[in-house]
Colleague: 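Below is a structure I'd like to ask you about.
All values below were derived from every heavy atom in this structure, side-chain atoms included, with hydrogens, water molecules and symmetry-related copies excluded. Read the numbers this way: they start at 1 and go in the same order the structure lists the ligands and their atoms. Since the structure is predicted, the reported quantities are computational estimates derived from the model, not experimental observations.
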Amino acid sequence: MGCALIGCGKALPALEVQNDELKALVDTNNEWIVTRTGIESRHIALEETNLDLAERAAREALGWDEGGWAARRVEPEEIDLVIFCTITADHLVPSAASELRMRLDLPNAIAFDLNAACTGFVYGVTVAESLMAASAAGVPGAAGRNKVRRALIVGSERLSRITDWAERSTCVLFGDGAGAGVLEWNEGRAGVLGTHLVNEDDPTGALLCPLEFDMPVPFAASGVDAGADAEAVLRERAGNPKQAITMNGQAVFKFAARAMSDAVTAVLDNAGLTLDDVACIVPHQANERIVRFAAKKLDCSMEKFHLCIAHAGNTSAASVPMGLADAYEAGRIKPGDKVVLVGFGGGFTSGALVYEA
Ligand code: UT7
């Protein structure tokens with residue numbers, strides 16, 4: 001018995017911005033971005049809110065809309081829990097999870113947001129799995145407690161609203177998007193085989209973002225607004241200091257490559273498995289080079305990793321579930337396969353889980 005994945009989906013905003021278009025905003029070029037990161041384009045939400053993107057991904061995962069993968073259609077009343085993993089919720093209150101619960105009309109679900117930066121989805125699935133296992137085990141005298149049998153876990157971001165579009169070392173990396181997964185406690189399935197979560201210090205503040213979720217963006221429906229002075233756009237609000245993601249790229253790169261390989265090794269040890277048992281690894285997609293470094297450290301072929309960073313960029317908490325839905329759509333994951341999800345990000349957080357498909 002275990003916590004099985006029974007559906008996953010993804011959503012990208014309509015506007016796709018190519019690398020070369022960013023030349024209108026900062027001193028950069030396609031070659032630098034592709035060779036340093038593997039990113040060719042990213043999607044930017046203009047009309048779409050974070051909630052809109054999450055809803056689209058969730059509807060696929062629940063088997064309500066075409067796309068993604070779903071073992072079956074899950075009815076609204078079957079969902080007991082919604083965890084919305086994000087660092088760019090549309091509002092602080094109500095939570096994005098509460099808004100999604102209402103938008104999808106899930107009458108029996110409890111709902112909350114989770115911020116573990118880019119590791120959000122791995123944390124979210126781990127929390128859901130623990131609640132399901134506790135519910136299934138039963139606790140003496142626990143009559144009346146919430147029982148969690150099925151959960152909707154979403155990773156969704158509008159990073160364009162916390163990106164400094166005048167800073168070339170970060171703005172070329174990020175994009176908007178959403179991914180979602182539906183989990184079910186199933187007496188006849190193995191499901192999640194092992195989890196491993198880590199938090200370590202980021203003493204120098206290598207990855208920071210203050211509280212400001214809705215900065216203006218220098219984009220129009222046709223793409224980059226070439227007439228916009230990106231610096232001026234960001235300073236539009238009187239007295240508003242530049243509030244955006246700042247990153248010491250090299251420090252984060254080193255942490256990421258180590259944390260990723262450590263997490264994969266630890267989770268496989270916990271589950272009594274080796275890399276040879278694993279059919280597919282879906283990593284957080286911050287930079288293709290980080291994945292290559294980690295693969296080398298693990299002595300693992302790059303072919304085992306499923307990447308879709310080229311046309312999405314780094315979408316933080318959305319990246320792992322989006323990659324997962326992409327892997328199912330590409331036919332890379334078959335029933336019985338062992339799959340590893342691994343994330344790392346601000347905090348510093350990192351973690352991995354392994355499940356049987
Ligand atoms: O989601 C989790 C958090 N994020 C990450 O995991 C990202 C981790 N870090 C990285 O992926 C990489 O460090 C970056 C992609 C951010 C940067 O790559 P790098 O190979 O570490 O480049 P660098 O920062 O050492 O910069 C090399 C050069 C510099 O020029 P000089 O000083 O050598 O003349 C930069 O000014 O590249 C320059 N540069 C650029 N050039 C063209 C930096 N950004 C750009 C740009 N276009 N966009």
Colleague: Step through the shown structure and confirm whether more than 12 heavy atoms of other residues, nucleotides or ligands are within 6.0 Å of CZ on F112.
Modeller: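 Yes - once you tally the heavy atoms of other residues, nucleotides and ligands closer than 6.0 Å, there are more than 12.
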Colleague: If you draw a 6.0 Å radius around CE in M1, do more than 12 non-hydrogen atoms from other residues or ligands fall strictly inside?
Modeller: no
Colleague: Show me which atoms of ligand 1 lie under 4.0 Å from any heavy atom of S169.
Modeller: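 Numbered from 1, ligand 1 contributes 16 (C), 44 (N).
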Colleague: Establish whether atom 36 (O) of ligand 1 and some protein heavy atom are separated by less than 4.0 angstrom.
Modeller: yes
Colleague: Assess the residue pair D52 and T49 against the criterion (side chain to side chain donor-acceptor pair (under 3.5 Å)); give the C-alpha distance rounded to whole Å, side-chain angles, the decisive distance to 0.1 Å, and a yes or no.
Modeller: CA-CA 5 Å; D52 293 335; T49 62; 3.2 Å; yes
Colleague: Return a yes/no value: protein heavy atom under 4.0 Å from atom 33 (O) of ligand 1?
Modeller: no
Colleague: Do any nitrogen or oxygen atoms of F344 lie less than 3.5 angstrom from nitrogen or oxygen atoms of ligand 1?
Modeller: no
Colleague: Relative to ligand 1, is W32 under 4.0 angstrom through side chain, backbone, both or neither, heavy atoms considered?
Modeller: side chain
Colleague: Specify the closest pair of heavy atoms between A14 and E48, including all atoms of both residues, with the distance to one decimal.
Modeller: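 Taking every non-hydrogen atom into account, N-OE2, 2.8 Å.
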Colleague: Once salt bridge (Lys or Arg N to Asp or Glu O under 4.0 Å) is applied, what residue pairs with a partner in residues 7-35 remain, sequence neighbours excluded?
Modeller: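 Pairs touching residues 7-35 that pass the test: K10-D326, K10-E329, D20-K23, D27-R168.
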Colleague: Using the six-membered ring wherever Trp is involved, compare the ring planes of F344 and F255 and label them parallel, tilted or perpendicular (cut-offs 30° and 60°).
Modeller: perpendicular
Colleague: Check the pair E167 / W165 against side chain to side chain donor-acceptor pair (under 3.5 Å), numbers first and verdict last.
Modeller: CA-CA 6 Å; E167 174 52 59; W165 291 104; over 6 Å; no
Colleague: I'd like to know whether E60 forms a salt bridge (Lys or Arg N to Asp or Glu O under 4.0 Å) with R56, so could you lay out the CA-CA distance, the side-chain angles of the two residues, the decisive distance to 0.1 Å, and finally the verdict.
Modeller: CA-CA 7 Å; E60 286 188 5; R56 277 173 45 203; over 6 Å; no
Colleague: Is there a nitrogen or oxygen of N29 sitting under 3.5 Å from a nitrogen or oxygen of ligand 1?
Modeller: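 There is no such contact.
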Colleague: Given that the side chain starts at C-beta and the backbone is N, CA, C, O, which of these parts of I290 lies under 4.0 Å from ligand 1, counting heavy atoms, or is it both or neither?
Modeller: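 Only the side chain of I290 comes within reach of ligand 1.
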Colleague: Quick one: which ligand 1 atoms are inside 4.0 Å of a heavy atom on T37?
Modeller: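 Answer for ligand 1: 15 (C).
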Colleague: Counting only heavy atoms closer than 4.0 Å, does ligand 1 sit against the backbone of T170, its side chain, both, or neither?
Modeller: neither
Colleague: Show which atoms of ligand 1 fall inside a sub-4.0 Å distance from at least one heavy-atom site of C118.
Modeller: 1 (O), 2 (C)
Colleague: Check the orientation of Y328 and W69. Use parallel for under 30°, tilted for 30 to 60°, and perpendicular for over 60°.
Modeller: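 Parallel: the ring planes of Y328 and W69 meet at under 30°.
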Colleague: Could you check N314, N50, T86 and say which one makes a side-chain hydrogen bond (donor to acceptor under 3.5 Å, both in side chains) with E157?
Modeller: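 Single side-chain hydrogen bond (donor to acceptor under 3.5 Å, both in side chains) partner of E157 among N314, N50, T86: T86.
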Colleague: Mark up the atoms of ligand 1 that fall under 4.0 Å of a heavy atom belonging to V172, in ascending order.
Modeller: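 Every atom of ligand 1 under 4.0 Å from some heavy atom of V172: 48 (N).
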Colleague: Holding to side-chain hydrogen bond (donor to acceptor under 3.5 Å, both in side chains), I want the full list of residues that pass it with E75, two or more places apart in sequence or in another chain.
Modeller: R73
Colleague: Tell me whether atom 4 (N) of ligand 1 lies less than 4.0 Å from at least one protein heavy-atom position.
Modeller: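 Yes, at least one protein heavy atom sits under 4.0 Å from atom 4 (N) of ligand 1.
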Colleague: What are the atoms of ligand 1, with element, lying closer than 4.0 Å to any heavy atom of H284?
Modeller: 1 (O), 2 (C)
Colleague: How close does the nearest protein non-hydrogen atom get to atom 7 (C) of ligand 1, and which residue and atom is it?
Modeller: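 The closest one turns out to be M247 CE, 3.7 Å.
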Colleague: Quick check: do L152 and V74 have side-chain heavy atoms less than 4.5 Å from each other?
Modeller: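 When only atoms from C-beta onward are counted, V74 and L152 do not touch, as no gap falls below 4.5 Å.
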Colleague: Got a protein heavy atom sitting under 4.0 Å from atom 41 (N) of ligand 1?
Modeller: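 Within 4.0 Å of atom 41 (N) of ligand 1, protein heavy atoms are found.
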Colleague: Please write down residue, atom name and distance for the protein heavy atom closest to atom 29 (C) of ligand 1.
Modeller: R168 NH2, 4.7 Å
Colleague: Identify, for atom 11 (O) of ligand 1, the protein heavy atom at the shortest distance, and state residue, atom and that distance.
Modeller: N287 ND2, 2.7 Å
Colleague: Is it the side chain, the backbone, both or neither of T28 that has a heavy atom closer than 4.0 Å to ligand 1?
Modeller: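 The part of T28 near ligand 1 is both the backbone and the side chain.
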Colleague: Closest heavy-atom contact between V34 and I39?
Modeller: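 Between these two residues, the closest heavy atoms are CG2-O, 3.5 Å.
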Colleague: Give me the nearest non-hydrogen protein atom to atom 9 (N) of ligand 1 as residue plus atom name, then the distance to 0.1 Å.
Modeller: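 Here the nearest protein heavy atom works out to G249 O, 3.0 Å.
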Colleague: Find all atoms of ligand 1 within a distance of less than 4.0 Å from any non-hydrogen atom belonging to Q250, and give their numbers and elements.
Modeller: 13 (O), 21 (O), 23 (P), 25 (O)
Colleague: Considering the heavy atoms of R36, write down every atom of ligand 1 situated less than 4.0 Å from one of them.
Modeller: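 Per the distance check, 19 (P), 20 (O), 22 (O), 27 (C).
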Colleague: Check for me whether L207 has a heavy atom closer than 4.0 Å to any atom of ligand 1.
Modeller: yes
